[in-house]
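Remember, predicted model here, so these are calculated numbers, not experimental data. Start at 1 and go down the list; that is how both ligands and their atoms are numbered. Worth knowing before you read on, the calculation uses all heavy atoms, side chains too, and leaves out hydrogens, waters and symmetry mates.
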Amino acid sequence: MASTAQRNVLVTGGNRGIGLAIARAFAAGGDNVVITNRSGEAPEGLRAVRCEVTDSASVDQAFTDAEELLGGPVEVLVANAGITRDTLLMRMSDEDFDTVLDTNLAGAFRCARRAATGMIRRRHGRIIFISSVVGLYGSPGQTNYAASKSGLVGLARSITRELGGRGITANVVAPGFIETDMTAALPEAQQKAYLASIPAGRFGRTEEVADVVRYLASDAAAYVSGAVIPVDGGLGMGH
Ligand code: NDP
């Protein structure tokens, strides 16, 4: 891992699963880390602020609170908070679709917009969106989720074009099947089907996603922007 000075890092949804592993990895590397969740309760050894990503005022307040804890603006944003509401297309309600888009895509947009203010001023910043292999691979029963996750690619690439000249990078990490609460909730048959199609022959670990996120936040990745980096054991074949 490339060496980096201590940075102010905000990880949305950093209280559990992939987000928690990312937050712990940054903290272990010596960075200043604040996580968000909806309760505001902090996991052991980390600081937390309350944030509802579907609400712009809540996002704004969360950044203000985080900046106070961090003692300065957020330099690395990891937009990780996300949900699923899986069901087949014909059964999917407007609410199932809208809620997932509002959380996963618009929520990431709200956080990136708020983070950009401080990053533009400092002429430095790293924005990392946690997408999913299904964003570009597709997945039956996940039209809402896949649409939200592929939307993050357009978001990151447009930010790259808008703000690339100001020392800001925006990238997408696309995890495959990672062992977390979210995937434990999937039906066993679906878990088996995924396993059979993963070239690596196993599910991923949250730490494996965190390693790639830390790379994208490092000085070594200063010239990487608008990229989609899979962490999926080969499932999406690099997209
Ligand atoms: P978890 O379900 O374990 O955690 C989800 C996190 O998102 C929680 O911290 C939750 O906060 C937060 N969150 C959800 N809705 C909101 C909201 N409206 N406002 C604020 N925070 C919210 O998820 P994972 O760790 O499994 O996934 C993390 C990310 O990685 C997601 O974006 C997911 O789509 C993506 N991903 C996961 C994969 C996997 O295999 N697990 C594969 C590919 C992508 P709270 O605790 O308050 O509910």
Checklist entry - Who's the nearest protein heavy-atom neighbour of atom 46 (O) of ligand 1, and how far? => result Asn15 ND2, 2.7 Å

Checklist entry - Is a salt bridge present between Glu207 and Arg214, judged by a nitrogen-to-oxygen distance below 4.0 Å? => result no

Checklist entry - Near Ser131, which atoms of ligand 1 are under 4.0 Å from a heavy atom of that residue? => result 35 (C), 36 (N), 43 (C), 44 (C)

Checklist outcome for this item: For Ile83, the atoms of ligand 1 under 4.0 Å from one of its heavy atoms are 14 (C), 15 (N)

Checklist entry - Is the shortest side-chain N to carboxylate O distance from Arg110 to Asp102 below 4.0 Å? => result yes

Checklist entry - Any non-hydrogen atom of Tyr145 lying under 4.0 Å from ligand 1? => result yes

Item to check | Proximal atoms of ligand 1 relative to Ile178 (non-hydrogen, under 4.0 Å) | outcome: 39 (C), 40 (O), 41 (N)

Checklist entry - Relative to the heavy atoms of Asn80, which atoms of ligand 1 are at a distance of less than 4.0 Å? => result 28 (C), 29 (C), 30 (O), 31 (C), 32 (O)

Next on the checklist: Would you say that Ser139 contacts Tyr194 through its side chain, given a criterion of any heavy-atom pair below 4.5 Å between the two side chains?
Outcome noted: yes

Next on the checklist: Using the side-chain contact (heavy atoms from CB on, under 4.5 Å) definition, which of the options Arg47, Arg7, Glu75 pairs with Leu70?
Outcome noted: Arg47

Checklist entry - Are the side chain of Asn104 and the backbone of Ile83 linked by a donor-acceptor contact shorter than 3.5 Å? => result yes

Checklist entry - Backbone N or O of Val134 within a donor-acceptor pair of the Gln142 side chain at under 3.5 Å? => result no

Checklist outcome for this item: Separation between CG (Asn144) and CD (Glu95), nearest 0.5 Å, reads 11.0 Å

Checklist entry - For Ala112, which residues count as a side chain to side chain contact (heavy atoms under 4.5 Å, CB included) partner, sequence neighbours excluded? => result Leu77, Ile127, Phe129, Ile159

Checklist entry - Looking at side-chain heavy atoms only, is the closest gap between Asp86 and Leu186 below 4.5 Å? => result yes

Next on the checklist: Does Arg202, at its CZ atom, have more than 12 non-hydrogen atoms belonging to other residues, nucleotides or ligands within less than 6.0 Å?
Outcome noted: yes

Next on the checklist: For ligand 1 and Phe177, I'd like to know whether there is a polar contact (N/O to N/O, distance under 3.5 Å).
Outcome noted: no

Checklist outcome for this item: When rounded to the nearest 0.5 Å, the distance separating CG of Leu10 from CG of Asn8 is 10.0 Å

Next on the checklist: I want to check something: taking the side chain as every heavy atom from C-beta on, are Arg126 and Ile168 in contact at a cut-off of under 4.5 Å?
Outcome noted: no

Checklist entry - Which one of Ala81, Gly176, Ser148, Gly135 has a non-hydrogen atom at the shortest distance from atom 13 (N) of ligand 1? => result Ala81

Item to check | Under 4.0 Å to a heavy atom of Cys51 - the qualifying atoms of ligand 1, by number | outcome: 19 (N), 20 (C)

Checklist outcome for this item: The closest protein heavy-atom partner of atom 24 (P) of ligand 1 is Thr180 OG1, 4.0 Å

Checklist entry - Looking at atom 30 (O) of ligand 1, what's its closest protein heavy atom, distance included? => result Ile130 CG2, 3.4 Å

Item to check | Residue and atom name of the nearest protein heavy atom (relative to atom 5 (C) of ligand 1), distance in Å to one decimal | outcome: Gly82 O, 3.6 Å

Checklist entry - N/O to N/O below 3.5 Å, does that happen between Arg38 and ligand 1? => result yes

Checklist entry - For ligand 1, which atoms have a heavy atom of Lys149 less than 4.0 angstrom away? => result 31 (C), 32 (O), 33 (C), 34 (O)

Checklist entry - With a 3.5 Å cut-off and no angle check, do the side chains of Ser93 and Asp96 form a donor-acceptor pair? => result yes

Next on the checklist: Side chain or backbone, does Gly14 bring an N or O within less than 3.5 Å of an N or O on ligand 1?
Outcome noted: no

Checklist entry - Tell me, which protein residue and heavy-atom name are nearest atom 37 (C) of ligand 1, and how many Å apart are they? => result Ile18 CD1, 3.5 Å

Item to check | Heavy-atom nearest neighbour of atom 17 (C) of ligand 1 within options Glu41, Glu52, Arg50, Arg110 | outcome: Glu52

Next on the checklist: Quick check: Asn37 and ligand 1, any N/O pair under 3.5 Å apart?
Outcome noted: no

Item to check | Under 3.5 Å: N/O of Arg16 near N/O of ligand 1 | outcome: yes

Checklist entry - For atom 43 (C) of ligand 1, what's the nearest protein heavy atom and its distance? => result Pro175 O, 3.3 Å

Checklist entry - Based purely on interatomic distance, does Val53 place a nitrogen or oxygen under 3.5 Å from a nitrogen or oxygen of ligand 1? => result yes

Checklist entry - In Å, rounded to the nearest 0.5 Å, how long is the span from CG of Asn37 to CD of Glu52? => result 11.0 Å

Item to check | Atoms in ligand 1 flagged as close to Thr183, the criterion being non-hydrogen separation under 4.0 Å | outcome: 39 (C), 40 (O), 41 (N)

Checklist entry - Any idea which protein heavy atom is nearest atom 23 (O) of ligand 1, and the distance to it? => result Met182 CE, 3.9 Å

